[in-house]
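Atom set for the values below is all heavy atoms of this structure, side chains included, hydrogens, waters and symmetry mates excluded.
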Amino acid sequence: MLVAIWILNVIHWGSALVGLFAFVHALLQRADAYSAADRKTKPIWMLITGGATLAMALFNVMGPGMIFWVPAMAAVLVYIVDVRPKLIEVQRGGSSW
């Protein structure tokens, strides 16, 4: 049982760190890159990733707070897998293919 609690704590704080990474990345990008990548604006993504990071830090993976943690993790993953690569591609000037 102690190992399971330790694993859940690692997931909890690891997800908060992933959210923090997404927020900092959103903060450091140029505002015009978001519109060039045909994504929502920079303030919206900063609000989404910042709020999601806060939710993941406050609410645990298990228990009643899971109802907030799961959508927060999904929002951060959408940024990391969809928005971030598009922003990088736009700022580098297109793909290398």
*Asks:* Is the shortest side-chain heavy-atom distance between L17 and F21 below 4.5 Å?
*Replies:*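 Not in contact.
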*Asks:* For a quick test of your reading: what N or O donor-acceptor pairs under 3.5 Å do the side chains of residues 55-68 make, sequence neighbours left out?
*Replies:*
none

*Asks:* What are the two closest non-hydrogen atoms of A37 and L87, and how far apart are they?
*Replies:*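 Answer, listing the atom of A37 first, then L87: CB-CD2, 4.2 Å.
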*Asks:* I'd like a table of donor-acceptor pairs (distance under 3.5 Å, sequence neighbours excluded) in which one partner is a side-chain atom from residues 71-79, with atom names and distances.
*Replies:*
residue, atom, partner, partner atom, Å
Y79, OH, H25, ND1, 2.8
Y79, OH, A26, N, 3.3

*Asks:* Using the rule that two of Ile, Leu, Val, Met, Phe, Trp, Tyr join whenever any of their side-chain heavy atoms come within less than 4.5 Å, decide whether W6 and V3 are in one cluster.
*Replies:*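 Same cluster: W6 reaches V3 through Ile, Leu, Val, Met, Phe, Trp or Tyr contacts under 4.5 Å.
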*Asks:* T49 and T53: which non-hydrogen atoms are nearest, and at how many Å?
*Replies:*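 For T49 versus T53, the nearest heavy atoms are O-OG1, 2.7 Å.
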*Asks:* Tell me, please, which residues at least two apart from R39 pass salt bridge (Lys or Arg N to Asp or Glu O under 4.0 Å).
*Replies:*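 Residues passing salt bridge (Lys or Arg N to Asp or Glu O under 4.0 Å) with R39: D82.
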*Asks:* For the side chain to side chain donor-acceptor pair (under 3.5 Å) test, which of Q29, K86, R30 pairs with Q91?
*Replies:*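 Per the side chain to side chain donor-acceptor pair (under 3.5 Å) rule, the option paired with Q91 is Q29, out of Q29, K86, R30.
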*Asks:* Do the side chains of L8 and W69 join up, straight or via other hydrophobic residues, at under 4.5 Å, putting them in one cluster?
*Replies:*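 Same hydrophobic cluster.
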*Asks:* Going hydrophobic residue to hydrophobic residue with side-chain gaps under 4.5 angstrom, can you get from V70 over to V18?
*Replies:*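 Shared cluster, yes.
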*Asks:* Are the side chain of K42 and the backbone of Y34 linked by a donor-acceptor contact shorter than 3.5 Å?
*Replies:*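 No, the answer is negative, given that no donor and acceptor are paired below the 3.5 Å cut-off.
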*Asks:* So, taking the atom named CD1 in I7 and the one named CG in L2, what distance separates them when rounded to the nearest 0.5 Å?
*Replies:*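 Between atom CD1 of I7 and atom CG of L2 there are 10.0 Å.
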